[in-house]
Every structure is written in C-alpha cells, then in structure tokens.
Amino acid sequence: NAIEYVVGTGTGVAGDTKSINTTYKNSTYYLEDQTKYMYTQKGSTIDTYNFNNGTSSQYYMTDTDNVWNTTTQRAGVDAHYYAGKVYDYYKNTLNRNSFDGNGAKIISGVHYSTNYNNAFWNGSQMTYGDGDGVQFRALSGSYDVVAHELTHAVTERTANLTYSYQSGALNESWSDAMASVMDSGDWLIGEDVYTPGTAGDALRSMSNPALYGQPAHMNQYVNTSSDNGGVHTNSGIPNKAFYNFATAIGSRDVAGKIWYKAISTYMTSSTNFSGARSATLQATTALYGSGSSYYTALQNAWSAVGVN
Ligand SMILES: O=C(NO)[C@]12CC[C@H](CC1)C2
Ligand SMILES: [Zn+2]
C-alpha cells in the first residue's frame with residue numbers, strides 16, 4: 001500500500017489544537033512531514049521521535065487515527081509543528097533549505113530523560129526534556145525554544161561560533177535573535193514553557209536583559225568561567241543590540257535578514273562582539289547598499305550597548 005502525505009490534528013503542550021503534517025503507511029500514522037519533499041528530494045524532512053524518558057534510544061511516534069491528542073503526544077506534536085515553522089521561515093524568508101542549506105532531515109526527540117529542564121542540539125538532532133513541571137514544562141511547547149535550538153544548528157553549519165566567552169555569547173544571542181524574529185509576539189525567550197505556575201515571566205528578555213539577570217551593556221560584561229564563560233549571561237549584550245536595531249528600524253524581518261547574512265557570510269568561529277558589529281554592518285551594506293538608513297541605526301544600536 002502506498003505512502004500517503006496527510007494532515008493530522010494535534011494537541012500541543014498548552015492544550016492548543018493545530019494541524020500537523022503526518023505520513024500514513026502500513027495502516028499507521030507517523031510524525032513524519034513529507035510536505036517539504038519538493039525542496040529536499042530526501043523523503044520526509046521533519047521526523048519527530050520519542051525517547052520514552054530514556055536517553056539513548058528514540059522510537060517512532062505513531063497514531064491510529066491521525067488525531068494526536070493524548071497527553072504523552074503533546075510534546076511531540078509541538079516539536080513537529082514548530083520544527084516545520086522554523087523550516088518554512090529559513091526556506092521562505094532566508095532562502096536556506098534546512099539547517100545545512102541542503103535539505104537535511106530535521107530530527108527531534110521528545111521526552112528525553114526524566115524531569116529534564118533543558119533542550120539541546122547535539123550536532124545531529126534536537127532533543128527536548130519534559131521539564132520538572134516547576135522550572136519548565138515540556139520544552140518543545142515553545143516556538144522560540146525550537147527556533148533557538150534549530151538556529152544553533154544553522155550557526156554550527158555557518159560561522160560555527162566557538163561556544164565559549166564572547167563567540168559563545170554570540171552563538172547564544174543569534175539563536176535568541178532569530179527566535180525573536182520567528183516568535184515575534186514579544187521580546188521574551190522561553191515564556192511559554194518556563195515556570196508554568198508563574199504567569200508572565202520568562203527565561204530571558206531581549207528588550208530588558210536585566211529582568212532576568214543578564215547584562216545589557218559592555219560595562220556590565222560578566223567575566224566568568226562558568227557556563228562556558230557566561231554564554232547564557234553575556235548574550236544579553238548582543239540581544240539588546242538586536243532589540244535596539246529592530247525597534248529603531250521598525251522591522252524584525254529586516255533585522256533578521258541582516259543577522260542571517262552576517263552569520264552566514266561574514267562571521268567565523270572566533271568572531272567577538274566587536275567583530276559581530278562589523279559583520280552586521282557589512283551585511284547591511286551588502287543587502288541594502290551603502291548609505292542606507294539601516295546602517296546608521298545599526299551603528300547606534302551597537303554603540304548603545306557599548307560595543308564599538
Ligand atoms: O538557551 C538555551 N540553550 O542554549 C535553552 C535553555 C532553556 C531553553 C532551552 C535551551 C533555552
Ligand atoms: Zn542556546
């Protein structure tokens with residue numbers, strides 16, 4: 001019997017209903033999205049699996065009627081759905097075909113370990129914990145988290161910013177910046193999955209990094225060896241620069257295009273904050289010509305956070 005590309009109905013982590021692209025074969029539905037096939041020519045582009053609260057093996061996520069509404073399916077539904085949205089953004093807006101630019105399969109695994117308060121890109125796939133229900137709920141339940149993780153993959157395949165000290169903080173910041181372009185309703189990161197018992201808070205704020213203990217200016221740079229040299233702390237400084245720029249020019253999309261051009265053309269593994277300023281200015285000229293009003297706005301955005 002043939003393989004069919006079909007559309008199912010899923011319930012997400014927040015209990016919301018959404019359509020998901022699934023595959024019907026051997027009388028079973030699979031969380032495999034074949035709709036991008038025309039761009040990748042590589043079968044399903046987005047495959048979502050279940051670690052079943054283990055850490056080594058992941059299993060197919062299947063369903064009998066293509067209505068994915070059980071509690072254990074929610075994390076998979078969102079990992080699958082949001083990965084598709086991130087694929088679409090990179091392909092349709094930035095003309096990048098998956099994280100490698102060549103249609104690579106996007107693999108996600110949910111229910112990783114037990115009470116696992118994190119999510120990560122391991123060089124080959126995305127992996128999401130369920131959270132402990134206090135600090136986090138299932139981390140794939142947040143568009144900006146999924147976009148953040150997949151952007152780590154894009155960064156790894158482009159500038160490959162070394163994940164420590166200033167280049168590492170840039171690595172983190174580029175993931176937050178691209179996530180804020182895709183999940184564009186606010187300037188927060190992780191708000192949909194962070195502390196489910198507390199409304200209105202988040203893991204990070206790009207408009208006001210200090211809200212969650214991050215510096216927003218070079219003169220507050222934290223010199224530390226923990227967290228690979230404070231990559232999740234000092235990212236507040238380039239995050240604020242991105243916020244300054246996007247709001248000054250009134251377009252997250254233009255800012256995102258410039259940030260993507262910078263990471264994919266001008267930045268390298270050892271780029272530091274000052275180098276990121278130059279790379280984004282070069283990207284602005286490349287995309288919008290010299291003398292563009294974006295150029296001066298960007299100079300001001302970086303100067304305002306003390307990066308020259
Ligand atoms: O910033 C991050 N990783 O580098 C986080 C940490 C918690 C959310 C999932 C992954 C964001
Ligand atoms: Zn990260």
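We count ligands from 1, going down the list as the structure has it; atoms in each ligand are counted the same way.
Using a 4.0 Å heavy-atom cutoff, W121 is absent from the residues neighbouring ligand 1.
Within the 2.8 Å limit, E172 places at least one N, O or S atom next to the Zn ion (ligand 2). Residue H152 counts as close to the Zn ion (ligand 2), with an N, O or S atom under 2.8 Å.
At most 12 non-hydrogen atoms from other residues, nucleotides or ligands lie less than 6.0 angstrom from OH of Y39.
Side chains of T280 and W302: a donor-acceptor N/O pair is present below 3.5 angstrom, by distance only.
A centroid separation of 6.0 Å or more is found between the aromatic rings of Y49 and Y59.
Ranking the protein heavy atoms by distance from atom 8 (C) of ligand 1 puts L203 CD2, 3.7 Å first. Summary of contacts: the protein heavy atom closest to atom 3 (N) of ligand 1 is H232 NE2, 3.4 Å. Looking from atom 1 (O) of ligand 1 to the surrounding protein, the closest heavy atom is R204 NH2, 2.8 Å. E149 OE2, 3.0 Å is the protein heavy atom nearest to atom 10 (C) of ligand 1.
Any N or O atom pair closer than 3.5 Å counts here, and N118 shares no such pair with ligand 1.
Which parts of ligand 1 touch H148 is read off a 4.0 Å heavy-atom cut-off, strictly below it: atoms 1 (O), 2 (C), 3 (N), 4 (O). Residue contact check: H152 has heavy atoms under 4.0 Å from atoms 4 (O) of ligand 1.
Selection from N117, L139, N171 by nearest heavy atom to atom 9 (C) of ligand 1 gives L139.
Only the side chain of Y163 comes within contact range of ligand 1, with a heavy atom under 4.0 Å; no backbone atom does.
Y143 and Y82 have parallel rings, their planes meeting at less than 30° on a 0 to 90° scale where 60° marks the start of perpendicular.
Remark: the backbone N or O of D33 is not paired with any side-chain donor or acceptor of T35 at under 3.5 angstrom. T265 contributes no side-chain N or O that, together with a main-chain N or O of A262, makes up a donor-acceptor pair within less than 3.5 Å. Side chain of W174 to main chain of W259: a donor-acceptor pair is present (N/O by atom type, distance under 3.5 Å, no hydrogens or angles). At distances below 3.5 Å, not a single donor-acceptor pair connects side-chain atoms of K25 with backbone N or O atoms of A2.
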